[in-house]
Every structure is written in C-alpha cells, then in structure tokens.
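Reminder, nothing fancy here: chain letters follow the sequence lines and each chain counts from 1.
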Amino acid sequence: MADSGVAALHRSILEWYSVHARPLPWRDPSCSPWGVLLSEVMAQQTPLARVEPAWREWIDRWPTPADLAAASPADVVRAWGRLGYPRRALRLREAAIAIVDRHGGDVPRDQGELKALPGIGDYTAAAVAAFAFGDRSVVVDTNVRRVEARVVTGVEHAAPSLTRAEVELAAALVPEDDKDAATWNVAVMELGALVCTARAPRCAECPVRERCAWNVGGRPAYDGPPRRGQKWHGTDRQVRGIIVQTLRDSLDPVARADLASGRDAAQVDRCLAGLIEDGLVEPVGAERFSLPGHDQDDAVEEVAG
DNA sequence: GATTCGTGGGT
DNA sequence: TACCCAAGAAT
C-alpha cells in the first residue's frame, strides 16, 4: 500500500475512534498503569462487557500492586468470579508480587520487563506499554488481526494462529508518532470490536469501507484451512470449571464426591490433580479440598463458637 | 507449533 | 438449538 494510502487509513480510523470510542474506565487519563494492566489481563479471551464490573471491584479492593500482592490466592480466585480461565487470577497476584519485589511496586514500562511477569505475553506487554505509558508499540490482538486481514489482505479471517507476516504488517501500519501510535493501536482494536466483527460485520458503518480490500472485492467467503471449534460438553475444562465454581461458592472445604457430583470419577480425579498442580485447589486433610490459601479461621471459629 | 485452559452472550 | 467466539498465555 502506498504511503498516502496508509496516511488516509490512519486519518479515517483515528477520526472514527475519536467519535465512537467507548468510555471504558481504564481509558480515563487518570487510570493508573496498574489499572491498565489489570484490564488487559481480564480482557484476555473475555468480552469487555463482562470485564468492566469485575475490574471496578478489583481496582477498588486492590488499587495498587502491593495491595493485590498481600491478598490470598483464595481471595483472588473468588473475586475473579466467573470471568473464566481462573489461572489468570493467580498469575495476576503473582505478577503483583513480582512488581513489588523487582520494581518497587510500580508497573514497569519496558516491554521486556512486562513480558517477564506471570500472565503477560506479547500482546499484553505491548498493550500496557501503549495504553498505560503512551509508548509506541505493536499491539496485535484478534481484532487487529481481523481488521488488517480484511482491509489490507482482502480475506475474511486471519490465519488460525499469529504469523510473522501479520506482525510485520501490523508493525508497518503503526504511526511513527508515539501518541498517534498508542491511539492507533486502541482504535483498530475498537473498530474490530464494534464494526469489523468476526460475524456479521457492520461494513455500512465502517470508516474505511471504501478502501477495504475485502469489502471492495465483494467480501469473498473464507477459503482458508478449516477453523477448529472449541469443544465443551464433557471436557476436562467443563469439569474443572464445575469444581472451581463449587469451591468458590463454598465457605468450607468440600468432599471429593461433592466437587462435581454426577461426573465420571476418573475424570474428576484427573481434573482435581490438574487443578492442584495449577495451584487452584488445595487438599485439606485426607479427602476434602478448598481454594488455595483459604483462611481456615472461619471454620475454626465455627467449631470454637 | 499444536493444545490446553472458562464462561456466557450473540447469531 | 448448536455453534461461534471473545483485548491470549503457557507449555
């Protein structure tokens, strides 16, 4: 694409974002880097509409990394609620501890140091650098991949997994100026989330519909490799979810038989072992289980009282 | 590089 | 109803 085309793309999408950006709390200029980091981890594979209420609870309860570092694993897993992938809650706590230990309690600005934190990968490190510190970085999430696949490459869907070419394309499209770069990154993501959606894209509302290769080309159907659907019913993931939900909802340790009643015993055992290995479940005595680091004072008080 | 890892709303 | 898919990371 010619440079003039890239400049026009920048103007169109940045202008669209200035009008249509959602007023998410972590986008407020007063939001701390910690608040931004928290939002990015919560948003991993989770729709923002479900993230926002949880984010407000967390930032109110644990306003700094030091505050979260002092929480118990059981507390953070309960507070995580039903956001999904609860290992993220544990990693967030571990990241907070690392931030206190290695960075004096302040979220680091360097992407390499960010990536060294538990639960922070390429995407999240780039996102925190851009959205918390205003640095120029290359943010490539599922939205960016889809928007650029359509607008530039002319295909409906990006490849099944992130390719080198996609990263290079994204890098080539990020504006040179730091401030424009940070806004560009979030603007493309927002366009993908609100207009250039995976299914039923709203092309009529798109600011770049006239320069989108996929749209101009008649929106040809996807003809790449078959995309694997996510299994759910009967999987270990489902049983793990049931077990953790049971423990989240229980103030007291739970017997093995009550963790996921009605499920195959061998599967429950396998999932339980995995959850213990992951640090999401902790054995209590011989045959009972609880969330990790669960404070037993309540149970003791019940007995004592 | 392919798999695994939750949950719920939209189509 | 069944399926798709969401600001990915770790292994």
Side-chain angles (χ1 to χ4, degrees), chain A residues 17 21-22 24 26-27 35-55 77 80-92 94-95 114-132 137-148 156-164 166-167 170 182 184-194 196-202 222 225-248 260 270-271 274-275 277-281:
Chain A
Y17 181 75
R22 290 169 289 182
L24 299 168
W26 50 85
R27 287 180 181 165
V36 172
L37 188 156
L38 185 57
S39 76
E40 292 300 340
V41 173
M42 286 184 166
Q44 292 167 0
Q45 296 290 285
T46 302
L48 295 193
R50 223 180 311 161
V51 165
E52 186 167 349
W55 183 89
V77 171
W80 194 253
R82 302 186 64 80
L83 282 181
Y85 295 146
R87 290 183 294 183
R88 288 183 292 165
L90 296 180
R91 291 179 183 143
L92 215 29
E94 292 163 7
L114 285 164
K115 271 192 64 175
L117 299 172
I120 309 295
D122 286 316
Y123 162 77
T124 305
V128 170
F131 309 143
S137 66
V138 181
V139 179
V140 188
D141 80 324
T142 187
N143 291 300
V144 171
R145 296 181 63 213
R146 185 176 55 253
V147 169
E148 295 180 357
E156 183 177 15
H157 297 295
S161 59
L162 182 63
T163 66
R164 181 67 173 271
E166 287 181 81
V167 176
W184 167 259
N185 281 322
V186 71
V188 177
M189 290 168 62
E190 191 79 333
L191 185 64
L194 299 181
C196 194
T197 52
R199 285 186 296 179
R202 300 164 175 81
Y222 176 76
R227 306 193 296 151
R228 310 169 64 97
Q230 304 167 356
K231 305 277 187 204
W232 177 245
H233 292 286
T235 62
D236 283 3
R237 290 164 77 179
Q238 184 183 26
V239 172
R240 284 170 58 106
I242 291 167
I243 292 172
V244 173
Q245 182 183 357
T246 299
L247 294 178
R248 269 199 312 262
R270 180 173 67 249
C271 290
L275 288 166
E277 176 69 22
D278 290 341
L280 280 165
V281 173

Distance between the C1' atoms of C/dC4 and B/dG6, in whole angstroms? 15 Å

Is A/R82 touching bases, backbone alone, or none of the nucleic acid, heavy atoms closer than 4.0 Å? sugar-phosphate

When rounded to whole Å, the CE to P distance for the pair A/M42 and C/dA9 reads 16 Å

Would you kindly give the CG-to-C1' distance between A/L90 and C/dA10, to the nearest whole Å? 14 Å

Please determine whether side-chain contact (heavy atoms from CB on, under 4.5 Å) holds for the pair A/R248 and A/R82, giving the CA-CA distance in whole Å, both sets of side-chain angles, and the decisive distance to 0.1 Å. CA-CA 10 Å; A/R248 269 199 312 262; A/R82 302 186 64 80; 3.5 Å; yes

Across the strands shown, which category fits A/A198 at heavy-atom distances under 4.0 angstrom: base, sugar-phosphate, nothing? sugar-phosphate

What does A/G84 touch in the nucleic acid at a heavy-atom separation under 4.0 angstrom: a base, only the sugar-phosphate, or nothing? base

Within residues 43-55 of chain A, residues whose heavy atoms come under 4.0 Å of DNA chain B: A/Q45, A/T46, A/R50

Assess, by modelled atom type and distance only, whether the side chains of A/E40 and A/Y123 contain a donor and an acceptor separated by less than 3.5 Å. yes

Provide, to the nearest angstrom, the distance between the CG atom belonging to A/L24 and the P atom belonging to C/dA7. 11 Å

Does a nitrogen or oxygen in the side chain of A/R146 sit under 4.0 Å from OP1 or OP2 of C/dA6? yes

Find the distance A/R228:CZ to C/dC4:P and express it as a whole number of Å. 12 Å

Examine distances only and state if a side-chain atom of A/R237 and a backbone atom of A/Y85 form a donor-acceptor pair shorter than 3.5 Å. no

With a 4.0 Å cut-off, would you call A/R27 and A/E190 a salt bridge? yes

Grab the CG-P distance between A/L83 and C/dG8 for me, whole Å please. 14 Å

For the pair A/W26 and A/L48, evaluate side-chain contact (heavy atoms from CB on, under 4.5 Å) and give the outcome as yes or no after the intermediate values. CA-CA 11 Å; A/W26 50 85; A/L48 295 193; 4.1 Å; yes

Between B/dA2 and C/dA7 - P atom distance, rounded Å: 24 Å

With distance as the sole test, does A/R240 use its side chain to make a donor-acceptor pair with the main-chain N or O of A/T235 at under 3.5 Å? no

If you pin A/R248 and A/S161 to their nearest nucleotides in DNA chain B, which one's is more 5'? A/S161

So among A/I120, A/V41, A/L38, A/L37, which one has a side-chain contact (heavy atoms from CB on, under 4.5 Å) with A/V128? A/L37

What is the distance from atom OG1 of A/T46 to atom CD of A/Q44, rounded to the nearest 0.5 Å? 8.0 Å

Of A/D122 and A/H157, whose nearest nucleotide on DNA chain C comes first from the 5' end? A/H157

Whole angstrom is fine here: how far is it from CG in A/D141 over to C1' in C/dA9? 14 Å

For the side chain of A/N185 and the backbone of A/S137, is there at least one donor-acceptor N/O pair under 3.5 Å apart? yes

What nucleic acid atoms does A/Q230 come within less than 4.0 Å of, heavy atoms only: base, sugar-phosphate, or nothing? base

At under 4.0 Å, does any side-chain N or O of A/T124 touch on OP1 or OP2 of C/dG8? no

Here's a test of your reading of the structure: between A/E40 and A/L117, which maps to the more 5' nucleotide of DNA chain C? A/E40

When the distance from CD of A/E148 to C1' of C/dA7 is rounded to whole Å, what number comes out? 14 Å

Walk me through it: do A/L92 and A/W80 pass the test side-chain contact (heavy atoms from CB on, under 4.5 Å)? CA-CA 10 Å; A/L92 215 29; A/W80 194 253; 3.9 Å; yes

So what does A/W26 touch, heavy atoms closer than 4.0 Å: a base, only the sugar-phosphate, or nothing? base

5'-most to 3'-most nt of DNA chain B touching chain A (<4.0 Å, heavy-atom partner on protein side) reads B/dT3 to B/dG10

Can A/L90 and A/V77 be said to form a side-chain contact (heavy atoms from CB on, under 4.5 Å), step by step? CA-CA 7 Å; A/L90 296 180; A/V77 171; 3.7 Å; yes

Suppose you measure atom C1' in B/dG1 against the same atom in C/dT11; what distance do you get, rounded to whole Å? 11 Å

Taken to the nearest whole Å, NZ/A/K231 to P/C/dA2 is 14 Å

The residue, A/R88 or A/R199, whose nearest nucleotide of DNA chain B is more 5′ is A/R88

